[in-house]
Amino acid sequence: VGFEGRGFRLRYWDIKPGGVVPLHSHEGRPATIYVVNGEILEFQNGAHEPIRHQGGELSSESGGLVHYWRNDTPLIVNLVASDIYANPK
């Protein structure tokens with residue numbers, strides 16, 4: 001129920017040193033991000049400080065969240081991202 005016109009995505013990302021997951025919204029697109037290894041910063045709307053995510057952590061994203069992620073380390077950070085999105089046919 002509720003999946004009409006929607007799809008499920010599972011993606012694996014390599015975020016290189018200095019790399020960014022661009023600014024985006026999760027309005028109507030809930031997601032989870034699993035940090036496989038490394039350390040990455042998340043910058044959220046309304047937050048004064050970034051959130052530091054480390055390997056083994058899970059982040060839930062939904063509602064009006066607007067944010068971006070940035071790898072400030074000298075190592076590649078690996079993420080597994082899943083989301084439910086509008087699937088236009």
To the nearest 0.5 Å, what is the distance between [atom1] on [X] and [atom2] on [Y]?
X	Y	atom1	atom2	answer
Glu61	Ser25	CD	OG	10.5 Å
Asp83	Arg9	CG	CZ	4.0 Å
Phe8	Ile84	CZ	CD1	7.0 Å
Glu49	Phe43	CD	CZ	9.0 Å
Asp14	Tyr12	CG	OH	5.5 Å
Glu27	Ser62	CD	OG	9.5 Å

Checklist entry - Considering the options Val21, Asn78, Val77, which one meets the side-chain contact (heavy atoms from CB on, under 4.5 Å) requirement together with Trp13? => result Val21

Taking every non-hydrogen atom, the tightest pair across [X] and [Y]:
X	Y	answer
His26	Ala31	CE1-CB, 3.5 Å
Arg70	Ile40	O-CG1, 3.2 Å
Pro22	His24	O-ND1, 2.7 Å
Ile15	Asn71	O-ND2, 2.9 Å
Thr73	Glu39	CG2-O, 3.5 Å
Ile51	Gln44	CD1-NE2, 3.4 Å

Checklist entry - Does the pair Leu58 and Ile33 meet the rule for a side chain to side chain contact (heavy atoms under 4.5 Å, CB included), with working shown? => result CA-CA 6 Å; Leu58 185 69; Ile33 305 294; 6.0 Å; no

Checklist entry - Any side-chain donor paired with an acceptor under 3.5 Å for His53 and Glu42? => result yes

Checklist entry - Any luck finding a side-chain donor-acceptor pair between Ser60 and Thr32 under 3.5 Å? => result no

Next on the checklist: More than 12 heavy atoms of other residues, nucleotides or ligands under 6.0 Å from CZ of Arg52: yes or no?
Outcome noted: no

Item to check | Arg6 charged N/C atom sitting above Tyr85 aromatic ring, 6.0 Å / 45° | outcome: no

Item to check | Path from Leu23 to Leu41 over hydrophobic side-chain contacts below 4.5 Å | outcome: yes

Next on the checklist: Please say yes or no: joined through hydrophobic side-chain contacts below 4.5 Å, possibly via intermediate residues, are Val36 and Val20 part of one cluster?
Outcome noted: no

Next on the checklist: Taking the side chain as everything from C-beta on, heavy atoms only, tell me whether Pro50 gets closer than 4.5 Å to Trp69.
Outcome noted: no

